[in-house]
Amino acid sequence: MHRETLLRLTRGDRTIGLDEAARVLVACGAQPRASMILALAGQEDLACEWMHGEMGEFLEAFFTSLPVHLQRTLGRRIEDLRPRWANGTSQLVARMLAKHIDDFVERDIAMSMSR
């Protein structure tokens with residue numbers, strides 16, 4: 001990106017496109033898809049907090065792989081999904097991840113105690 005373009009963007013003299021925003025985020029070492037999805041969803045604070053860490057990397061991989069796995073797992077039933085189920089599904093995924101982390105920590109502790 002040309003220096004003058006970046007200056008006009010930062011001053012607000014020019015709007016930024018998604019492709020340009022992604023290039024800026026990559027140049028900053030951030031996860032572009034995860035950061036933009038969070039920002040577009042109104043979660044700007046989380047986007048800033050998570051963009052450089054493992055949470056940003058996790059979301060980048062999650063957002064990239066989720067559509068493929070939904071299509072593969074649901075097939076034609078994907079048409080049966082309802083938008084009202086999204087919040088409950090996200091809560092279910094969060095609980096499953098928390099349980100997975102707890103199980104992993106317990107196994108790690110048990111293995112270190114047995115040594």
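- Between atom CG of residue Asp80 and atom CG of residue Leu74 there is a gap of 8.5 Å, rounded to the nearest 0.5 Å.
- Taking each heavy atom of Met36 and Ala22 in turn, the nearest pair found is CE-CB, 3.7 Å.
- Hydrophobic clustering, with ILVMFWY side chains joined whenever heavy atoms are under 4.5 angstrom apart, keeps Leu9 apart from Leu40.
- Between atom CD of residue Glu54 and atom CD of residue Gln31 there is a gap of 10.5 Å, rounded to the nearest 0.5 Å.
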For this session: Show your reasoning for whether side-chain contact (heavy atoms from CB on, under 4.5 Å) applies to Glu44 and Leu38.
Result: CA-CA 6 Å; Glu44 295 90 352; Leu38 287 170; over 6 Å; no

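- Here the CZ atom belonging to Arg23 is positioned 12.0 Å from the CG atom belonging to Leu18, to the nearest 0.5 angstrom.
- For Ser112 (side chain) and Ile109 (main-chain N/O), a donor-acceptor pair under 3.5 Å exists by modelled atom type.
- Around atom CZ of Arg11, more than 12 heavy atoms belonging to other residues, nucleotides or ligands sit under 6.0 Å away.
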Exercise. Hey, mind stepping through Leu46 and Glu49 against side-chain contact (heavy atoms from CB on, under 4.5 Å) and telling me if it holds?
Worked result: CA-CA 5 Å; Leu46 288 178; Glu49 182 180 337; 4.0 Å; yes

Exercise. Are Arg95 and Gln91 close enough, and set up right, to give a side-chain contact (heavy atoms from CB on, under 4.5 Å), and what steps lead you there?
Worked result: CA-CA 6 Å; Arg95 285 193 303 268; Gln91 291 173 16; 3.8 Å; yes

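- Arg14 has a carboxylate O that lies under 4.0 Å from a charged side-chain N of Glu20, or vice versa, which qualifies the two as a salt bridge.
- Hydrophobic clustering, with ILVMFWY side chains joined whenever heavy atoms are under 4.5 angstrom apart, groups Ile78 together with Val93.
- Put simply, Leu66 and Met55 are part of the same group of oily side chains (I, L, V, M, F, W, Y) that touch within less than 4.5 Å, one to the next.
- In this structure, Leu25 and Met51 have side chains that are in contact, with non-hydrogen atoms separated by less than 4.5 Å.
- For Asp45, the CG atom sits in a loose shell: 12 or fewer heavy atoms of surrounding residues, nucleotides or ligands are nearer than 6.0 Å.
- By the 4.5 Å heavy-atom criterion applied to side chains, Thr5 and Arg8 are counted as neighbours.
- Atom CG of residue Asp108 and atom CD1 of residue Ile101 lie 13.0 Å apart, to the nearest 0.5 angstrom.
- Side-chain N or O atoms of Ser90 include one that pairs as donor or acceptor with a backbone N or O of Asn87 at under 3.5 Å.
- Under the 4.0 Å criterion applied to side-chain N and carboxylate O atoms, Asp103 and Arg107 are not assigned as salt-bridge partners.
- Both Trp85 and Phe62 are part of a single hydrophobic cluster, where members link through side-chain heavy atoms under 4.5 Å apart.
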Exercise. Can Met96 and Lys99 be said to form a side-chain contact (heavy atoms from CB on, under 4.5 Å), step by step?
Worked result: CA-CA 5 Å; Met96 288 173 56; Lys99 183 175 180 348; 5.8 Å; no

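- Follow the hydrophobic side-chain contacts under 4.5 Å out from Leu59 and you never reach Val26; the two are in separate clusters.
- In plain terms, the two heavy atoms of Ala39 and Ala47 that are nearest each other are N-CB, 4.1 Å.
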